[in-house]
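Lettering follows sequence order; numbering is per chain, from 1.
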Number of protein chains: 4
Amino acid sequence: MRIPTHHMPKMQRNHAKFEFPKNGIQIKNLELVRKKHLQIALGASKLFVKKGYHKATMREICKATGFTIGNLYDYIKTKDDVLCLVFDTFHSIWSHQLENEGVFDIEDPMEQLRMAIRKRLELINQLRDMILLMYTDSKILPREFLKTVLKNESYLIENYERILRNGIEKNVFKIKDPFFAANVIVYLLSIEPLRGWNLRRKYNISQINRRLEKYIFNLVLNRE
Amino acid sequence: MRIPTHHMPKMQRNHAKFEFPKNGIQIKNLELVRKKHLQIALGASKLFVKKGYHKATMREICKATGFTIGNLYDYIKTKDDVLCLVFDTFHSIWSHQLENEGVFDIEDPMEQLRMAIRKRLELINQLRDMILLMYTDSKILPREFLKTVLKNESYLIENYERILRNGIEKNVFKIKDPFFAANVIVYLLSIEPLRGWNLRRKYNISQINRRLEKYIFNLVLNRE
Amino acid sequence: MRIPTHHMPKMQRNHAKFEFPKNGIQIKNLELVRKKHLQIALGASKLFVKKGYHKATMREICKATGFTIGNLYDYIKTKDDVLCLVFDTFHSIWSHQLENEGVFDIEDPMEQLRMAIRKRLELINQLRDMILLMYTDSKILPREFLKTVLKNESYLIENYERILRNGIEKNVFKIKDPFFAANVIVYLLSIEPLRGWNLRRKYNISQINRRLEKYIFNLVLNRE
Amino acid sequence: MRIPTHHMPKMQRNHAKFEFPKNGIQIKNLELVRKKHLQIALGASKLFVKKGYHKATMREICKATGFTIGNLYDYIKTKDDVLCLVFDTFHSIWSHQLENEGVFDIEDPMEQLRMAIRKRLELINQLRDMILLMYTDSKILPREFLKTVLKNESYLIENYERILRNGIEKNVFKIKDPFFAANVIVYLLSIEPLRGWNLRRKYNISQINRRLEKYIFNLVLNRE
DNA sequence: GATGAATGAGTGTTCATTCAT
DNA sequence: CATGAATGAACACTCATTCAT
């Protein structure tokens, strides 16, 4: 899994709400904490992708992140926090992508949607395994944190809905229910990480992506 | 979750894995073993849906299935086997549905596809939680067993592909790539169990289902 | 520490209230649980006396009690429970002694008090180290359990108070405040286990006991 | 707990243990070390009284004493040293009290004993919780240090013995065995911190003290 | 076949202590 | 002298699995 490092500086911007761990930690230097949290998230995500959250032991997480056990626990309170950190890091990228890509500056609805699809598919290819992880392990997340994740996710869908509404207003898109369509589109875009094992037997990634794009435009341009 | 019991007789067809649960102990009555395996799968699935596989303990599985610990281990070898049994039971229903519904007896492609969609959505609604479980926990399955599961899954997709090809031959469906379309359709049909938390805020199940049906027909009837 | 086994059959009589652990345990055979709890208490008490509660590890407790770790945890929920079991076992002996010794059948107050003192000193000598343990580690006990322990302890003191009142009524004892006197007497009787390191430099146990007896009679027979 | 600061100057007399806290680091200013040791003892004692020695972490000790972790370890070598410092500080007050109170300047044995009792009870009331701590946690002390503590304690008892002998010589006290009596007296005087939970249900502190005084005089004035 | 007590490797977590800055 | 991040041995506890009855 390549990590899209060009996104990193922006990652934790909107997420003062994700403070780890909930209660005070040992370490006092706040900048350091942020740095280490990122280090944990990056290392642990790779491990979780490989072994799954439950089968990864704290000792393995330490090795994967380059921490000693005690030191790791200076930055988290429980193992669950590690998963939260992983989600915090990647789900931010995941759900706040469009704002960061300048998609909303594009006027032409067709071009805007095409951009939104392509950029998303690029990101999805980069984060393939993380996306699978985010699907399979999100139900492990603490209730409160899961709520935030879902909120982010629906925020992402709203972004697509906005693009669709823009196209509808300009009489380019023919769909009647942009909310449902946005859900379908966002869902469809993840087909490759989730069900790719079958598609990949016949197509390479870019063939899949091209077809997805066509399907989505088809969906958006034809009367329902 | 209602379990569609009319499917049960066919369920355990192809799984050598469970034929001799314990090397040393010869359980003669094979019919009994099958009965007990079903009992385990039914009880355990409910538990796994509630708690997840990893957080469910063997003791809880015993309680949920009505076995004592020692007795349960007469029918399985490891905890993983329980998950396999659950998959074995439900994934058979899941992937061999269409054959059992008489869908292939229908001549008219439109009618056939409509039937295939509706029957599937019905089943998906019944098995909502199991489907989520099958997505999230399939990666826990032993390698060999996972292969069987995926084979079943692709068999299901092939069924849809066959329906599409039938419609293409009869000049009803306009699609060029029935393999890809089948994958997309099967994937789309599961949107509710997997991403329903967002859709359900606006629609009830049947509204979702109606929209899905329309989308799929749209997809199939329009030139790509 | 010799364990006064002749008391054992009576030990758990009055203490249905002490159920370990608070919530259900794995083991179903209740008689077995009682037997094992006793085994735990006897083994652990020796260890705690030697090392103290906090320095004793669960593995040492296992070795001292003859359990494997997992099996020990079939009978307790936490390490604290082991201490509670120890207290439960010995504090019962400790605080319900007099009823079991026939002291209350004696009519003559002098004889009754003498008996109460001697029997107690005998017990105290047997339980020397346990008494020290009960003093030093009682503050570790869970709040609720400590309350029961203190109630038992005050019940013991009440027994002495009753003996004193009997002597006052029969004009043998001259004391005005039997409650305070009973507290002092019970406290004094434990001087050897608690502060014996100094006394033992000059006296043997029976010399200490003889002197204590004299002091208490002095206290009880003279006008305040 | 008020700390009787007027005793402090004499406190750290006889404890080579803390003269060079760290082999490698030569802290030149010995006066500073003494000051810091006192700071540690005062802060830590409050914490130990509240949580017990074992449950108090070094981090909590730091917070309670106003040190940073690294700095604290400039003045001690192990956590046990903190307990030793606490004992060193308070046990000195505890066992060298009488010399500092001018008790030995009093000629009249009755007056002298009364003074010795009252001053002691005053101190005991001030140090209530510390006394309980000194009882419960003394067995944690390193062997060598415990010996010093016990020596101090027996020194205290000797002081009372001296007072008693003085009274015997002057034909005021009737006791035959001043050593035993001194042990009993010193032990009795601590009844309130150790067993007060029962007494305090009926009496306030001064009522307890008055009764104790009477009992001790009774003990000392009557033929055994 | 059924029972449930026993096993012990392995887990997440704590915390006294060290040491670079 | 002071700081606090880093270390890792040790801990309490869990739970899949076995096996005597």
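Atom-to-atom distance recorded for C:D137:CG and C:F48:CZ is 8.0 Å, nearest 0.5 angstrom. Atom OH of D:Y75 and atom CG of D:L85 lie 12.5 Å apart (nearest 0.5 Å). Interatomic distance, CG of D:L38 versus OG1 of D:T89, reported as 5.5 Å (0.5 Å rounding).
As a whole-Å value, the separation of B:L47 CG from F:dA16 P is 11 Å. If you measure from atom CG of A:N71 to atom C1' of E:dA16, you get 15 Å, rounded to the nearest angstrom. The NZ-P distance, from A:K55 to E:dA9, rounds to 20 Å in whole Å. Following rounding to the nearest Å, C:L72 (CG) and F:dT14 (P) show an atom-to-atom distance of 12 Å. Nucleotide F:dT18 holds its P atom 12 Å from the CG atom of B:D74, rounded to whole Å. Per the geometry, CZ belonging to D:F67 stands 17 Å off C1' belonging to E:dT17, to the nearest Å. Rounded to whole angstrom, the span from the CG atom of C:L32 across to the C1' atom of F:dA20 amounts to 14 Å. In this entry the distance linking CG of C:N29 with P of E:dA6 reads 10 Å, nearest Å.
Between A:Y75 and F:dA6 there is a side-chain polar atom (N or O) within less than 4.0 angstrom of OP1 or OP2. Residue A:K36 places at least one side-chain N or O under 4.0 Å from the OP1 or OP2 atom of F:dA6.
Side chain of D:K55 to main chain of C:I140: no donor-acceptor pair is present (N/O by atom type, distance under 3.5 Å, no hydrogens or angles). Formation of a donor-acceptor pair under 3.5 Å by the B:K79 side chain with backbone atoms of B:A56 is found in this model.
D:L133 is listed as a side-chain neighbour of D:V86, based on a closest heavy-atom distance under 4.5 Å.
Checked by atom type, the side-chain pair B:D80/B:Y53 shows a donor-acceptor distance below 3.5 Å.
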For DNA chain E, what is the dot-bracket line, given that a base pair needs Watson-Crick (N1 to N3, plus N6-O4 or O6-N4) or G-U wobble (N1-O2 and O6-N3) geometry with both distances under 3.5 Å, and | means paired with another strand? .||||||||||||||||||||

Polar atoms only, N or O, under 3.5 Å: list the protein pairs with nucleotides 12-14 of chain E and their distances.
residue : atom : partner : partner atom : Å
E:dG12  : OP1  : A:K79   : NZ           : 2.9
E:dG12  : OP2  : A:M58   : N            : 2.8
E:dG12  : N7   : A:R59   : NH1          : 3.2
E:dG12  : O6   : A:R59   : NH2          : 3.4
E:dT13  : OP2  : A:Y73   : OH           : 2.5
E:dT13  : OP2  : A:K79   : N            : 2.7
E:dT13  : O5'  : A:Y73   : OH           : 3.2
E:dT13  : O4   : A:R59   : NH2          : 3.1

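The aromatic rings of B:H54 and A:H54 sit tilted, their planes meeting at an angle between 30° and 60°.
Looking at D:K50, D:M134, D:M130 one by one, the single match for side chain to side chain contact (heavy atoms under 4.5 Å, CB included) with D:S45 turns out to be D:M130.
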